[in-house]
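Contents: one structure, followed by commentary.
Just so we're on the same page: letters track the sequence lines, and every chain starts at 1. Computed over heavy atoms, backbone and side chain alike; hydrogens, waters and symmetry mates excluded.
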Amino acid sequence: RKEVEQDPGPFNVPEGATVAFNCTYSNSASQSFFWYRQDCRKEPKLLMSVYSSGNEDGRFTAQLNRASQYISLLIRDSKLSDSATYLCVVNEGTYKYIFGTGTRLKVLA
Amino acid sequence: NAGVTQTPKFRVLKTGQSMTLLCAQDMNHEYMYWYRQDPGMGLRLIHYSVGEGTTAKGEVPDGYNVSRLKKQNFLLGLESAAPSQTSVYFCASSYLFGPRNEQYFGPGTRLTVT
């Protein structure tokens with residue numbers, strides 16, 4: 001089993017749609033969780049950290065489910081500019097940040 | 001405030017040649033990392049540093065060396081490049097390890113070894 005698993009997609013959604021991605025992780029001792037956005041041939045950029053209580057930033061909502069060992073990202077009212085690859089990252093409290101392979105999102109006009 | 005910068009942005013090497021990739025950060029971060037990203041794989045850690053003068057091996061260190069002589073700089077060296085080292089290399093930095101400690105990435109170096 002991979003340490004961090006994501007559905008590679010692509011998720012093709014129309015503008016204005018709501019879309020959700022899940023990411024599962026294998027190490028129950030993992031301490032912190034992040035979603036990054038990566039545009040084609042660019043560096044990963046932090047989208048949001050994921051807190052135990054869940055958190056929201058504008059159209060983006062992140063949730064953590066420790067019991068089932070997954071995190072989720074919900075994007076509401078999708079924009080064309082949201083088209084990118086979304087990386088799930090899990091940190092074990094050390095130097096070790098485990099990166100998923102990413103979920104590709106295409107928002108269609 | 002430039003964040004994390006990397007030079008060069010692109011490079012083509014012949015097998016056996018050497019080169020150094022430079023990473024610089026102006027956020028006063030203690031920890032710095034070098035990753036490589038290959039198609040269909042998540043970012044993989046090559047080496048990391050927990051402070052000036054320290055380095056440690058990551059997941060895929062073979063064929064690479066690093067140095068951290070100044071807190072703001074982290075250098076990645078390839079002594080004898082191989083085609084298997086064709087990849088995109090990202091440098092990152094963070095303030096600490098642990099909870100709520102985000103990494104910030106440089107723009108990447110695209111390396112092709114022929």
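- Neither the backbone nor the side chain of B:Arg44 comes within contact range of chain A; no heavy atoms are under 4.5 Å apart.
- Residue B:Phe105 touches chain A through both its backbone and its side chain, counting heavy-atom pairs closer than 4.5 Å.
- Heavy atoms only, all atoms of each residue included: A:Thr101 and B:Gly40 are closest at CG2-O, 3.6 Å.
- By the criterion of side-chain heavy atoms lying less than 4.5 angstrom apart, applied directly or through intervening Ile, Leu, Val, Met, Phe, Trp or Tyr residues, A:Phe33 is grouped together with A:Ile75 in one hydrophobic cluster.
- Within a 6.0 Å radius of NZ in A:Lys42, no more than 12 heavy atoms belonging to other residues, nucleotides or ligands are found.
- Under the 4.5 Å side-chain heavy-atom criterion for Ile, Leu, Val, Met, Phe, Trp and Tyr, B:Leu111 and B:Phe74 are members of the same hydrophobic cluster.
- For the atom pair B:Tyr33 OH and A:Lys96 NZ, the distance stands at 14.0 Å (nearest 0.5 Å).
- Counting heavy-atom neighbours within 6.0 Å of A:Arg104 CZ, excluding the residue itself, gives a total of 12 or less.
- Within the 4.5 angstrom heavy-atom criterion, only side-chain atoms of A:Gln38, from C-beta onward, approach chain B.
- Under 3.5 Å, the side chains of B:Gln6 and A:Glu43 contain no donor-acceptor pair of N or O atoms.
- Annotation for B:Tyr35 and A:Tyr97: closest pair OH-CB, 3.8 Å, computed over non-hydrogen atoms.
- Environment of CD in B:Gln17: crowded, with over 12 heavy atoms of neighbouring residues, nucleotides or ligands closer than 6.0 Å.
- Atom CD of residue B:Gln37 and atom CZ of residue A:Arg41 lie 11.5 Å apart, to the nearest 0.5 angstrom.
- Shown here for B:Tyr104 and A:Leu46, the closest heavy-atom pair between the two residues is OH-CD2, 4.2 Å.
- At a threshold of 4.5 Å between side-chain heavy atoms, the hydrophobic network of Ile, Leu, Val, Met, Phe, Trp and Tyr places B:Leu69 and B:Met19 in two separate groups.
- In this structure, OH on A:Tyr95 lies 12.0 Å from NZ on B:Lys57, to the nearest 0.5 angstrom.
- At a 4.5 Å heavy-atom cutoff, the contact between B:Leu45 and chain A is made by side-chain atoms alone.
- Under a hydrophobic-cluster definition in which Ile, Leu, Val, Met, Phe, Trp and Tyr are linked whenever side-chain heavy atoms come within less than 4.5 Å, directly or via other members, B:Leu76 and B:Leu43 are assigned to different clusters.
- Clustering ILVMFWY residues whenever any of their side-chain heavy atoms sit less than 4.5 angstrom apart, transitively, puts B:Met32 in a cluster other than the one holding A:Phe34.
- Looking only at side-chain heavy atoms (C-beta outward), B:Gln103 and A:Tyr36 come within less than 4.5 Å of each other.
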